[in-house]
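A short write-up of the structure that comes next.
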There are 2 protein chains.
Amino acid sequence: MIKLSKMTDYAVVILADMAERQNAEKIEQTSATVIAQSTKLPEPTVSKVLKLLARQNIINSTRGAAGGYSLNKAPDQINMAHVITATDGPIALTACVDESTECCDRAQNCSIKGQWNPLNRAMISALENVSLSEMMRGTR
Amino acid sequence: MIKLSKMTDYAVVILADMAERQNAEKIEQTSATVIAQSTKLPEPTVSKVLKLLARQNIINSTRGAAGGYSLNKAPDQINMAHVITATDGPIALTACVDESTECCDRAQNCSIKGQWNPLNRAMISALENVSLSEMMRGTR
DNA sequence: CCAATTCGTACTCTTTTGGTACTATATAAG
DNA sequence: CTTATATAGTACCAAAAGAGTACGAATTGG
């Protein structure tokens, strides 16, 4: 079944938690420990996800004592394509797309070589059109 | 990385092969053996994929001697959402979606419960808008 | 009846994913 | 300057999913 990884699932929960906190408490930096307690997720996993998000500049990280993480954009400026790319890597619906050197070992027989791109573009744009704030609608 | 399974990849290649053959030779039934030779794919795998496609009524199967498979619809009536469902199972972007009983073991803490559905609908409709004949454009 | 062909199930091997642990690095406070 | 508190990076292991194969059952035409 086509499905997102749990990492992406966690990422959305974590981002939603951060967005709520920043909106409610005007706190700039939040540590991984606090987020883990708030979301009830295991801390090492939370830490891993936060690291991935920081690497893509979706969130900001500050080292040292009193450090932590903070959102880099408003929730409605964060789209799902970006989040998924951070946690799962590039969005490509088949192995043929990202390997420019050769389609596959049967390239000479592959009658649809390179024809996956329209499908990929359709999917990516569908994901880009969903923002974090839309995912948070209906939150208590 | 989000990606389709090889089964889906094979399915499209096989369907394209069948479509070309039916269009060129006016042959109704084609055996798994012939398709395997034509696509250069291993026969057991081809057989497996054909079975999956037949189960979803994308293609027709006829048993017995002189039996085989044939397309059930015109290539432009076969969309990718249907094919992917046949080979990979239901399209759902998170484990939360298909389990109606409970979201996950942290449901009480999950602030975005049920909010994946808009994303799923966007993806499915993107996949429905790509037909097999569109995938075959540019074929030699 | 016999040959050809699909159907269904089960099994094994490989790859990916999820989760954890450990060490290094950076920063603020005393 | 030292220490406490954070993040950063890497590596590792167990569990799950995926890919491929094999074998027997069922069906149909000659």
Side-chain angles (χ1 to χ4, degrees), chain A residues 1-11 13-14 18 27-37 39-70 72 84 86-90 92 94-95 104-106, chain B residues 1-11 13-14 18 27-37 39-70 72 84 86-90 92 94-95 104-106:
Chain A
M1 164 159 55
I2 292 186
K3 62 179 199 308
L4 294 183
S5 66
K6 288 191 177 179
M7 289 298 140
T8 304
D9 213 336
Y10 296 158
V13 173
I14 289 169
M18 293 177 73
I27 294 178
E28 286 301 318
Q29 302 291 331
T30 311
S31 73
T33 307
V34 171
I35 295 175
Q37 289 168 350
T39 57
K40 303 281 194 305
L41 295 172
E43 187 184 329
T45 302
V46 170
S47 187
K48 191 176 186 175
V49 172
L50 287 168
K51 237 176 303 181
L52 292 170
L53 293 172
R55 199 175 297 173
Q56 296 293 318
N57 288 320
I58 295 172
I59 60 177
N60 234 321
S61 68
T62 309
R63 285 192 172 194
Y69 296 94
S70 63
N72 222 352
I84 293 171
T87 53
D88 274 9
T94 183
C104 52
D105 54 348
R106 309 179 212 282
Chain B
M1 165 160 54
I2 291 189
K3 62 178 198 309
L4 295 182
S5 66
K6 288 192 178 178
M7 289 297 141
T8 304
D9 214 336
Y10 295 157
V13 173
I14 289 170
M18 292 176 73
I27 293 178
E28 287 301 318
Q29 302 290 333
T30 311
S31 73
T33 308
V34 171
I35 295 175
Q37 289 168 350
T39 57
K40 302 280 194 305
L41 295 172
E43 186 182 330
T45 302
V46 170
S47 188
K48 192 177 186 176
V49 172
L50 287 168
K51 234 176 304 180
L52 292 171
L53 293 172
R55 199 175 297 173
Q56 296 293 320
N57 288 319
I58 296 173
I59 60 177
N60 235 321
S61 68
T62 310
R63 282 195 172 192
Y69 296 94
S70 63
N72 222 351
I84 292 170
T87 54
D88 274 8
T94 184
C104 52
D105 54 349
R106 310 180 211 282

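The sequence lines fix the lettering, A, B, ..., with proteins before strands; numbering per chain opens at 1.
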**Message:** Tell me the interatomic distance from A:Leu52, atom CG, to D:dA8, atom C1', rounded to whole angstroms.
**Reply:** 12 Å

**Residue closer to the 5' end of DNA chain D, A:Arg63 versus A:Lys48 (nearest nucleotide)** = A:Arg63

**Request:** With heavy atoms under 4.0 Å as the rule, sort A:Ala32 into base, sugar-phosphate or nothing.
**Result:** sugar-phosphate

**B:Tyr69: which of B:Thr62, B:Leu53, B:Leu50, B:Ile58 passes side chain to side chain contact (heavy atoms under 4.5 Å, CB included)** = B:Leu50

**Gap between atoms CD and C1', on A:Gln37 and D:dA6 respectively (whole Å)** = 15 Å

**Asked** For B:Glu43 and C:dA4, what is the distance between atoms CD and C1' respectively, to the nearest whole Å?
**Response** 12 Å

**Asked** Rounded to the Å, how far apart are A:Met7 CE and C:dT20 C1'?
**Response** 11 Å

**Request:** Test for a donor-acceptor pair under 3.5 Å between the base of C:dG8 and the side chain of B:Lys51, counting only N and O atoms.
**Result:** yes

**Message:** Closest approach to the side chain of B:Ser5, judged atom by atom: which nucleotide of D:dG18, D:dT21, D:dG9 is it?
**Reply:** D:dG18

**Request:** Take atom NZ of A:Lys6 and atom C1' of D:dA14, then tell me their distance rounded to the nearest Å.
**Result:** 14 Å

**Message:** Rounding to an integer number of Å, can you tell me how far A:Ile59 CD1 sits from D:dA6 P?
**Reply:** 16 Å

**Request:** Please state whether the phosphate of C:dG19, meaning OP1 or OP2, lies under 4.0 angstrom from any side-chain nitrogen or oxygen of A:Tyr10.
**Result:** yes

**Message:** Does any part of the side chain of A:Thr30, heavy atoms only, come nearer than 4.5 Å to the side chain of A:Met18, both counted from C-beta?
**Reply:** no

**Request:** Give the intermediate values and the outcome of side-chain contact (heavy atoms from CB on, under 4.5 Å) for residues A:Met7 and A:Thr45.
**Result:** CA-CA 8 Å; A:Met7 289 298 140; A:Thr45 302; 4.1 Å; yes

**Request:** Enter the distance from A:Asp9:CG to A:Lys3:NZ here, rounded to the nearest 0.5 Å.
**Result:** 11.0 Å

**Asked** OP1, OP2 of D:dA8 versus side-chain N and O of A:Tyr69: anything below 4.0 Å?
**Response** yes

**Item:** Selected nucleotide, minimal atom distance to A:Ala65 side chain, candidates D:dT7, C:dG8, C:dT27
**Value:** C:dT27

**Message:** Can you see whether B:Ser70 engages B:Asn60 through a side-chain donor-acceptor pair at a distance of less than 3.5 angstrom?
**Reply:** no

**Complete:** Taken to the nearest whole Å, CD1/B:Ile84 to P/D:dG18 is 14 Å

**Asked** Is any side-chain nitrogen or oxygen of B:Thr62 closer than 4.0 Å to OP1 or OP2 of D:dT27?
**Response** no

**Request:** Starting at atom CG of A:Asp88, determine the distance to atom P of D:dA17, rounded to an integer number of angstrom.
**Result:** 15 Å

